[in-house]
J.: 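First the structure, which I've put down as structure tokens, then a few questions once you've had a look.
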Amino acid sequence: MTARIAGHLGASSGGERLAKPAPFVWARSVGSLLPGVLLCLAITVAAQTLQWGEEHLTGHPYVEALVLAILLGTALRTVWVPGTRFRAGIAFSAKQVLEVAVTLLGASVSLAAILASGPALLAGIVGAVALTILASCTICRALGLPVRMALLIACGNAICGNSAIAAVAPVIGAESRDVAAAIAFTAVLGVLMVLGLPLFVPLMSYTDTQYGVLAGLTVYAVPQVLAATLPVSALATQVGTLVKLVRVLMLGPVVLALSLIAPRLPAEGASGKAGPRKLGFFKLVPWFILGFLALAALRSLGLVPDTWVAPLSRLAGFLTIVSMAALGLGVDVRVLAQVGGRVTLAVTASLLVLLAVAILLIRGLGLV
């Protein structure tokens with residue numbers, strides 16, 4: 001009996017065979033995130049300190065903490081690659097923290113603003129996405145890129161960068177190397193867009209509304225719209241987020257259309273063997289978009305008190321800086337040298353087309 005009891009205890013004590021108590025598992029999960037999150041927080045504090053120094057010396061923050069966090073993170077990533085223990089926390093900060101920040105921003109946006117934007121702007125956004133996809137595909141094919149690679153680049157540029165690429169890839173049966181190349185260069189261009197787009201305000205003499213539309217139409221990711229618009233004004237952020245959300249919602253119809261034409265695409269290497277896959281609802285419409293819209297609806301119904309709006313906006317801003325630090329830590333500028341010349345040219349040309357379409361739309365609608 002003693003042997004049986006000892007054997008039973010020995011079997012139960014094995015980590016593989018005995019489930020650990022829930023609190024221990026939870027603590028272990030948090031512990032794995034902590035190093036990376038603390039690293040992002042340290043960069044955030046450094047960025048905010050630098051912004052405070054700018055304000056103290058010049059009276060105005062010429063480079064906002066959001067941008068400084070990206071620059072500091074990218075600089076650190078260039079000279080030092082974070083070890084394995086940092087990666088989970090950095091990934092968490094770059095994704096989940098970003099998504100929470102976007103969700104909280106919904107409390108400061110009224111759905112009345114969406115309706116007030118008018119059908120012309122909404123139709124313009126839809127038209128801009130469709131035109132950009134067609135133009136980008138044409139450019140990519142003219143440069144000799146395969147059909148699936150062309151579709152990945154076109155949808156990534158026109159809709160929402162990496163998220164669109166990740167959603168479209170399984171539907172059209174894209175090869176993993178094509179997905180990796182498209183995402184790698186999109187990540188670098190996304191950061192460059194966030195850093196450079198505010199220059200359009202003085203160069204084009206754009207109003208806050210015009211700049212918000214430009215950012216919403218051209219910046220890849222929803223959280224990056226925050227980084228590109230918050231240094232300009234709250235109005236630019238609200239308009240940019242609104243336009244970007246409409247643009248992101250185009251992912252559903254685009255993926256549906258591609259699922260219908262995917263069986264007719266020519267076979268290209270391994271992609272010809274990998275049949276298209278169906279995506280669930282939350283792959284087409286991310287949860288944080290629904291969260292943003294839900295908070296915006298509650299705000300419109302008066303269920304979010306006015307006294308909550310400012311604190312929630314500040315919290316969203318802080319979380320965005322943390323996320324931008326993580327974004328910088330995930331960008332290796334040397335990736336540019338590893339991406340093919342045709343892909344580089346195709347993605348850059350597609351982005352320039354998107355910028356041109358956005359500028360023409362702003363002028364055509366007579367936005368002020």
Side-chain angles (χ1 to χ4, degrees), residues 125-193 196-197 214 217-221 224 244 247-248 250-277 279 284 331 333 335-361:
I125 297 169
V126 174
V129 170
L131 180 60
T132 302
I133 289 177
L134 291 175
S136 297
C137 281
T138 302
I139 292 171
C140 292
R141 293 297 287 157
L143 290 171
L145 294 181
V147 174
R148 287 173 176 80
M149 186 64 173
L151 287 171
L152 290 178
I153 292 174
C155 293
N157 273 284
I159 304 175
C160 51
N162 294 349
S163 298
I165 293 170
V168 167
V171 174
I172 63 175
E175 295 185 31
S176 58
R177 63 182 182 185
D178 290 342
V179 176
I183 286 179
F185 199 78
T186 298
V188 175
L189 271 187
V191 173
L192 294 178
M193 283 292 293
L197 202 64
L214 179 70
L217 280 173
T218 57
V219 176
Y220 290 138
Q224 290 177 344
K244 180 60 185 175
R247 194 171 147 215
V248 170
M250 286 291 293
L251 182 59
V254 168
V255 170
L256 177 61
L258 290 176
S259 68
L260 297 177
I261 68 172
R264 300 179 178 85
L265 295 177
E268 297 170 348
S271 63
K273 303 175 184 178
R277 289 209 314 262
L279 295 180
L284 301 180
V331 174
V333 294
V335 78
L336 289 172
Q338 302 172 2
V339 179
R342 287 186 301 170
V343 175
T344 301
L345 183 57
V347 176
T348 304
S350 297
L351 181 58
L352 292 176
V353 167
L354 181 59
L355 277 169
V357 170
I359 292 171
L360 290 174
L361 178 63

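Keep in mind the model is a prediction, meaning the values are calculated, not measured. This chain uses plain numbering: 1 for the first residue, then up along the sequence.
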J.: With heavy-atom distances below 4.5 Å as the criterion, would you say the side chains of Tyr220 and Asn157 are in contact?
T.: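 Of all side-chain heavy-atom pairs linking Asn157 with Tyr220, at least one is under 4.5 Å.
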J.: With a 4.5 Å limit on heavy-atom distance, are the side chains of Leu214 and Leu355 in contact?
T.: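 Leu214 vs Leu355: side chains touch.
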J.: Thr218: which residues meet the side-chain hydrogen bond (donor to acceptor under 3.5 Å, both in side chains) condition with it, sequence neighbours left out?
T.: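 Thr218 satisfies side-chain hydrogen bond (donor to acceptor under 3.5 Å, both in side chains) with no residue once adjacent residues are dropped.
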J.: What's the separation between atom CD1 in Ile139 and atom CG in Leu145, rounded to the nearest 0.5 Å?
T.: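 The CD1 atom of Ile139 sits 11.0 Å away from the CG atom of Leu145.
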J.: Quick one: closest heavy-atom pair of Arg342 and Gly144, and the distance?
T.: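 Looking at all heavy atoms of both residues, the closest pair is NH1-O, 3.1 Å.
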J.: Counting C-beta onward and ignoring hydrogens, is there a side-chain heavy-atom pair between Cys155 and Ile165 closer than 4.5 Å?
T.: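 They are not in side-chain contact.
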J.: What pair of heavy atoms forms the shortest contact from Ala154 to Ile133, and how long is it?
T.: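 Taking every non-hydrogen atom into account, CB-O, 3.7 Å.
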J.: Of all the heavy-atom pairs spanning Met250 and Val129, show the shortest one and how long it is.
T.: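 Closest approach of Met250 to Val129: CE-CG1, 4.1 Å.
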J.: Would you call Val343 and Met149 a side-chain contact if the rule is heavy atoms closer than 4.5 Å?
T.: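 Side-chain contact under 4.5 Å: yes.
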J.: Taking the side chain as every heavy atom from C-beta outward, state whether Leu265 and Leu151 have any pair of such atoms under 4.5 Å apart.
T.: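 They are in side-chain contact.
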J.: Within a strict 4.5 Å, meaning less than it, do heavy atoms of the Ile172 and Leu152 side chains meet?
T.: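 Counting from C-beta outward, Ile172 and Leu152 do come under 4.5 Å.
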J.: Could you tell me whether a side-chain N or O of Arg148 sits under 3.5 Å from a main-chain N or O of Pro266, the two making a donor and an acceptor?
T.: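 Yes; at least one donor-acceptor contact below 3.5 Å.
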J.: Nearest heavy-atom pair of Ala150 and Cys137: which atoms, and what distance?
T.: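 Where Ala150 meets Cys137 most closely, the heavy atoms are O-SG, 4.1 Å.
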J.: Where the side chain of Arg247 meets the backbone of Ala128, is there a donor-acceptor pair that is under 3.5 Å apart?
T.: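 It does not hold such a pair.
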